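As C-alpha cells, the structure follows; a few thoughts come after it.
Below, chain A is the first sequence line, B the second, and so on; all start at residue 1. Predicted model, so just to flag it, every value in this text is computed and none were measured.
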Protein chains: 2
Amino acid sequence: MIVINCVKRAMSLAIHHRALLIHNLPTESTSAMADKNTDRPAPTMADVARAADVSKSTVSRAFTQPNMLGVETVDRILEVARLVGYVPNHAARALSTGRHGNVALVVPDVANPFFPPLIRAAQMEADRSNFCVFLGNSDESWRQEDKLVERFVSQVEGLALVASRLSEERIRHHAAKRPLVLINRDIRGIPRVLIDSSIGVNDAMAHLADLGHERLVYVSGPASSWANQQRRAAVRSGAKAYHMEVTIVAAKVPSYESGRAVVPDILASNATAVLAFDDLTAQGIMTGIADRGVSVPGQISIVGCDDVLGAATYPSLTTVSNRSDEAGRAGMSLLLDMLNSRAVGDACLVLDTHLVVRNTTAPKPNRAPRRPAGAD
Amino acid sequence: MIVINCVKRAMSLAIHHRALLIHNLPTESTSAMADKNTDRPAPTMADVARAADVSKSTVSRAFTQPNMLGVETVDRILEVARLVGYVPNHAARALSTGRHGNVALVVPDVANPFFPPLIRAAQMEADRSNFCVFLGNSDESWRQEDKLVERFVSQVEGLALVASRLSEERIRHHAAKRPLVLINRDIRGIPRVLIDSSIGVNDAMAHLADLGHERLVYVSGPASSWANQQRRAAVRSGAKAYHMEVTIVAAKVPSYESGRAVVPDILASNATAVLAFDDLTAQGIMTGIADRGVSVPGQISIVGCDDVLGAATYPSLTTVSNRSDEAGRAGMSLLLDMLNSRAVGDACLVLDTHLVVRNTTAPKPNRAPRRPAGAD
DNA sequence: CTATGTTATGCAACCGGTTGCACGTCAAGG
DNA sequence: CCTTGACGTGCAACCGGTTGCATAACATAG
C-alpha cells in the first residue's frame, strides 16, 4: 500500500502514486485488475436474446412493455437477464427514444450552504421518478454556466437552473431546446419557483424600525442574482415605508470573506443596522465587526438572509428564513411535470419567507457607533 | 402569472398551478411555447454534412480528428455547423465509442456540510477535463447507494463513491465493471483516497490528557462509515497511550439532532470530555449540554471532527481539521487518471489531519460535572 | 370449413454518431 | 511513363437499444 501524507496539490500526488504503484501489487490486487474491464464487455440485449432463445425485440419488450408478451416469456427473459447480469444501456435507449432519464441541476456554488439542502431535495425528488441528475457548479460565472448547460443539453430531458447568472436571452435560447425551470430567477414564460424574500426583508425592516434604527446598510450580493435584486428592492421600499436612510455596500460574491471585507465601509457609513444579502456574508461581517471592538447587537444590529446557519453563530443571528429545500423539491417536481405532460405554461410558484428574530438585533444605541478602536 | 404563497407540499402545488395555468398565457408566452420543442428536432451530423456538401464521416472527423482532413474543409464544416446550430450528441457518441464523458459521484448526504466542499472540488476537477458529473445522494442507505450506482453505471466511464455504505462485495462487483475510486473507504485493490483522522484524533486526545482529563466519551457515527471505524480505533489506542477511560455512545446518523439526543447518555457517563464523530454532532451536543445548565468548556470539554463550522459556534469548537475539498479533488483526479491511462493499481492516497484548538476545551474541572440542573 | 380477430413474436429499419477500409488524386521516385 | 505512397474523402457497418409492421398460431364467430 502506498501512503503519501499531507499532499498539497492533486497534480503532484497523481504523478507520485502512479510512479510508485507499478510495483507492489499483491497477488489479490493483480487478479482484481485482471477482472476489471477485462471480462467480456457487459452483456447486451442480443446476449440475453440468444440465451433465452428469443429475438432482441422480445427482450426489449420484456423490459419496456411486458404486458405485450406472454407472462412465462417475460419471466424467463427476466430470469435469464438476471443470470447473465444484464443491465440496460441508458445511452442506447436514449438514442432511439429520445428519452434520457436524466436531468441537469446547475447552481452557482455547491459549497454555499444555501444550496446543499436544495440540491439534496431536488436530487431525491428526481430519484423518486428514477431520473439521474447531473450537477453543475457555475462558480458564479455565466460563461461557466453556459458551458455546462451546453454540455448537458444533449443528454438530459430537462434542466433546472438555480439562481441562474445567465442573460435572459441565453436562458430563452436554452429553454427553446429543452424543458427548463428556473429557481430564484424570474423570467416571464419560463416556469419558475421563487423564494419571495421581500416579505421577510420587509418584516426585518419593520423590526429594525421598531427598535428605533434610522440608518441601515444593505450589503448586496451578486449583481446578476435575482434574489439580490429582489432584496435590494425590498430594502428600498422598506426604507420609504419606515423612514429609514439606506446605504448600499457591494459584496460581489456572497461569502464569509466578502463579509469581512466590507466591514470598513459599513462602519464608515455611520449606520446602526446592517442587512446582509445572506447569512454567510452576515457571519463575515459579524466577526469583522467584533474584531474592531464594536459590539453586536449593542452598537450595531445585524440581520442575515436564508437562515442556513441555524443558531450556530454567536450571538445567534437574526435572519430571514426560507426553506430552500422546498424550492429544490418544487422546482424538480415542476420540471418532471413538464416532462410527463406537455401541459406547461407560464407557471410561477412563490414560496414565502419570514423573519426569525434571534440575538443580533437590539434597540438603537443612544449614540451612533464609534469608529473602530483599532487601526485600519 | 400565478402566485401561490406558502405552499407546503410539492405535490399539491404541482396540481394547483397546472390547473390554473391553462388560462392567462400572455401572447409572448404563447409564442415562446410555440418555439419550445416545436422547432425541428435539433440538427444532426447528417444535416451539417448536407449543408457543407460532404459526407457524415467527414463532419465527424472535423470534430474528432481535424488533422486528418484538409484545413479548409475543417474550417468550412465548423462554420456551417455553427451556423445551423449543431451540437454533437453525447449519447450517440457514447454508443459507438463507449466513452460517455460522464462520471458519477455518490455521497451519503449532500446536506451534511462535510460533503459540499468535496463535491464542489470534485465537480470542478471533472469539469477541467470536460466531464459531466452525476450526483447521487445515498441518504446513508446502502440499498439506495446500490440502486444509484446501478442506474449510473451504464452511462458513466467511472465512479467515485464517497464514504460508501456498501459492502465490500458490492463495491468489488461494481469496480469490476467500471473504474471506481473510493473516498474515505479503505478496500485493498480499489484505488482510494483517505482522510486519516487518526492523526488528528490522537492529537486531540493528547491535548485532552494534557488538560488533565481522564474520562472520555466518544460519540460514534454510522457503523458502516470507515471514518467512524477509524476514529473509534484511534480513540481506543489513544486511550491506552494516555491512560484514559473511554465510553462509547452511539449516534446512528451524524446530525445536529443526533447530537442533542445523546446528551443524557453523555452526562450519565460522568466523563469530563467528549469527542464527537463530526462537528454537526458536536454542535448538537453543545446546545444540548448548554440547555441542561452544564457549562462548556468549564465542566465538560468537547472536540469535534471535520472542521466544517469554522469558528461559528459559541464557544468556538475545538475540532480535528481536514480538507475535504482536497479529498474530492484528489479522488476525481485519480479517477480521471484511471480513465486516461489504464495504468492503475492499488493506489492509496492518505491526506492528513490536525487538531485545531479553539474554545471548547479546558482543564478538567476539580469535581466531575454535576448532574444536569433541570429535570429529565 | 372459412372468414375474422386476437395474441405472441420476429424482422428490419432507425436513432446519431464513429471508424476500418477502399477509392481517387496528385507528387515524387525509379 | 509507370509505380508507389501519402493524403483527403466517402462507403458502409456497427454501437445497443426501440418500434412499426408483418406473420404465425390459435380461438371464436359465421
Base, sugar-phosphate or nothing for [X]? Non-hydrogen atoms, less than 4.0 Å.
X: B:Phe63; value: nothing
X: A:Ser60; value: base
X: A:Thr97; value: sugar-phosphate
X: B:Val59; value: nothing

Given A:Arg172 and A:Glu169, is the salt bridge (charged side-chain N to carboxylate O under 4.0 Å, His left out) satisfied, shown in steps? CA-CA 5 Å; A:Arg172 289 197 187 283; A:Glu169 184 268 329; over 6 Å; no

At what distance, to the nearest 0.5 angstrom, does CG of B:Asp127 lie from CD of A:Gln144?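 The distance works out to 4.5 Å.
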
Show, in sequence, the C-alpha distance, side-chain angles and deciding distance for B:Asp53 and B:Arg76, and conclude whether the salt bridge (charged side-chain N to carboxylate O under 4.0 Å, His left out) test is met. CA-CA 10 Å; B:Asp53 195 37; B:Arg76 182 161 46 91; over 6 Å; no

Quick one: is C:dA8 close enough that its OP1 or OP2 comes under 4.0 Å of any side-chain N or O from A:Thr58?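 Answer no for this pair, as no side-chain N or O of A:Thr58 is under 4.0 Å from OP1 or OP2.
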
Without hydrogens or angle criteria, can the side chains of A:Ser60 and A:Ser57 be said to hold a donor-acceptor pair below 3.5 Å?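 No pair is found: no donor N or O on one side chain lies under 3.5 Å from an acceptor on the other.
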
Does B:Arg99 use its side chain to pair, donor to acceptor, with the backbone of B:Thr97 at less than 3.5 Å? no

So does B:Arg143 get a backbone contact from the side chain of B:Ser141, meaning a donor-acceptor N/O pair under 3.5 Å?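 Between the backbone of B:Arg143 and the side chain of B:Ser141 there is a qualifying donor-acceptor contact (under 3.5 Å).
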
Axis bend over the full length of the helix from C:dC1-D:dG30 to C:dG30-D:dC1, computed from five pairs that close each end, to 10 degrees: 60°

Residue closer to the 5' end of DNA chain D, A:Arg61 versus A:Asn89 (nearest nucleotide):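 In this pair, the answer is A:Asn89.
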
For B:Leu95 and A:Glu72, take the nucleotide of DNA chain C holding the closest heavy atom to each; which residue's nucleotide lies nearer the 5' end?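 With B:Leu95 and A:Glu72 compared, the 5'-side residue is A:Glu72.
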
B:Lys147 with B:Glu150: basic N within carboxylate O range, under 4.0 Å: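 Here B:Lys147 does not pair with B:Glu150 in a salt bridge, since their nearest N and O are not under 4.0 Å apart.
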
Side chain proximity check, B:Leu105 to B:Gln123, heavy atoms < 4.5 angstrom: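 They are not in side-chain contact.
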
Outermost DNA chain D nucleotides near chain B [under 4.0 Å, heavy atoms]: D:dG8 to D:dG16

